[in-house]
Amino acid sequence: MKHLLKLLDLTPEEITEILNLADQLKYELKNGIPHKHLEGKTLGMIFQKSSTRTRVSFETGMYQLGGHPLFLSSKDLQIGRGEPVQDTARVLSRYLSGIMIRTFEQKEVDDLAKYGSIPIINGLTDFAHPCQVLADLMTIREFKNKLDGLKFCFIGDGNNMANSLTVGCLKMGMSVSLACPEGYYPPSEILDFAKTYGDKFELVNDPVRAAENADVIYTDVWASMGQEGEAEKRKIAFMAAAKPDAMVQHCLPAHREEEITEKVFEAHANEIFEEAENRLHAQKAVMVLLMK
Ligand code: CP
Ligand code: NVA
C-alpha cells in the first residue's frame, strides 16, 4: 500500500492489517504505552472543505505518533489561487513525509499521488471517504466481534459514504443493502464493482426492505457539502425492519429529524461516538503503514 486514495485499491488483507494495527494503537493509547512511530515525520493536511473530525483526529494522531502535522487551508495555499496540483505535489513532496487532502474531485487526490513522491491520504472527496469507512469497519468489528457474514444497510443517497461503505463492507465479507432514492444512485464504477458480489449486494428504493434483518444501519446527511440545495428531495424513512440488536452508525455531522431522529441517535450515541473516536486510531494505523 503506497497511498490511501480509495478502498477500491485495497485488498481485504490490507484492510485487515489496518484494522488490526488500529486496535493495537487504541490499546496502547488507552494503556499509556508509547507508540511514537513517526518521530521526525511531517504530515501536510490540505482542506478545501470544512471538517471537525478529520482535522482534529489527523492532527492529534500525528502528534501522538511523534510526528508533526501542518494544517494547510486551501484559502491560504497557492493551490486556492490556481497553482496546478502537479506542481503543488512536486513541491510538497520535497518538504513533507505525507499529505492528507480533503477536496471535491477525486482526480485531484489521484493527481497528487501521480505527480508527488510521498504517500497521499484521501480525507474525503465527492467520490470517497476511505478514512471514515476504515473507522466504521473497526467499530462494527469491535461491537459485533466480526465482519464476515453481517448484513450492512445504508439508507441515503449514493454519495461518497455510500460508495466507500459499499466497497469496504463487501471486501470484508459483509452483504450490503443500499436504499437510495431514485435518481441518487452510486456511480457506475461502484455499482459495477458491487455487482461482482452477486446476491451479496442489492440496491433498492425502499429503506424498510433494505433494513430487513440488518446487523448495522448506517445513514448520512441528505445533502453533502456543496450540495445543500438538494436536501428537500431526499426525505427517507429510517430504522425500519432491522434486527432488534442492530447497530446504528453515522459518520457525522448528523442532522436530527432529517436523516436520523433524535430518539434513534441518542439510543445509539455510544456506538456513534465510538465510531468517531475510532477515526483517530484507524488513521494512526494508516499513517504508520504509509509513512514509517
Ligand atoms: N465524518 C467526518 O469526516 O467528519 P468531518 O467532516 O467533521 O471531518
Ligand atoms: N457525505 C458527507 C460526509 C461528511 C463526512 C459529505 O460529503 O458532506
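In each ligand, atom 1 is the first atom listed, and ligand 1 is the first ligand listed.
Shortest contact from atom 3 (C) of ligand 2 to any protein heavy atom: D220 OD2, 3.7 Å. The nearest protein atom to atom 4 (C) of ligand 2, hydrogens excluded, is given as L124 CD1, 3.9 Å; this is a heavy-atom distance. Here the heavy atom of the protein found nearest to atom 4 (O) of ligand 1 is R53 NE, 2.8 Å. The protein heavy-atom contact nearest to atom 8 (O) of ligand 2 is M225 N, 2.9 Å.
Residue contact check: C251 has heavy atoms under 4.0 Å from atoms 1 (N) of ligand 1. Each of the atoms 2 (C), 3 (O), 5 (P), 6 (O), 8 (O) of ligand 1 lies under 4.0 Å from some heavy atom of R102. Within ligand 2, the atoms closer than 4.0 Å to a non-hydrogen atom of N160 are 1 (N), 2 (C), 6 (C), 7 (O), numbered from 1 in the order shown. Within the listing of ligand 1, atoms 2 (C), 3 (O) sit less than 4.0 angstrom from a heavy atom of H129. Close approach of ligand 1 to T52 is summarised as follows: ligand atoms under 4.0 Å from at least one heavy atom of the residue are 5 (P), 7 (O), 8 (O). Each of the atoms 1 (N), 2 (C), 4 (O) of ligand 1 lies under 4.0 Å from some heavy atom of L252.
The number of heavy atoms from other shown groups lying within 6.0 Å of NZ (K36) is above 12. Environment of CZ in F71: crowded, with over 12 heavy atoms of neighbouring residues, nucleotides or ligands closer than 6.0 Å.
Each of L77, L72, I79, I101 was evaluated against T88; a single residue qualifies, I79, per the side chain to side chain contact (heavy atoms under 4.5 Å, CB included) test.
Side-chain contact check for N278 and K26: at least one donor-acceptor pair (N or O, by modelled atom type) lies under 3.5 Å. Of the N and O atoms on the side chains of E189 and N163, not one donor lies less than 3.5 Å from an acceptor on the other residue. For the residue pair K284 / Q64, a side-chain donor-acceptor distance below 3.5 Å is found, with atom types taken as modelled.
When non-hydrogen atoms are compared, ligand 1 lies under 4.0 Å from the backbone of T54 as well as from its side chain. Contacts between Q132 and ligand 1 below 4.0 angstrom, taking non-hydrogen atoms only, involve the side chain exclusively. The part of R279 lying near ligand 1 is the side chain, judged by heavy-atom distances below 4.0 Å.
Put simply, V216 and L203 are part of the same group of oily side chains (I, L, V, M, F, W, Y) that touch within less than 4.5 Å, one to the next.
In this structure, L252 is part of the shell of residues with a heavy atom less than 4.0 angstrom from ligand 2.
N205 contributes a side-chain N or O that, together with a main-chain N or O of C180, makes up a donor-acceptor pair within less than 3.5 Å. Side chain of K171 to backbone of L7: a donor-acceptor contact under 3.5 angstrom is found.
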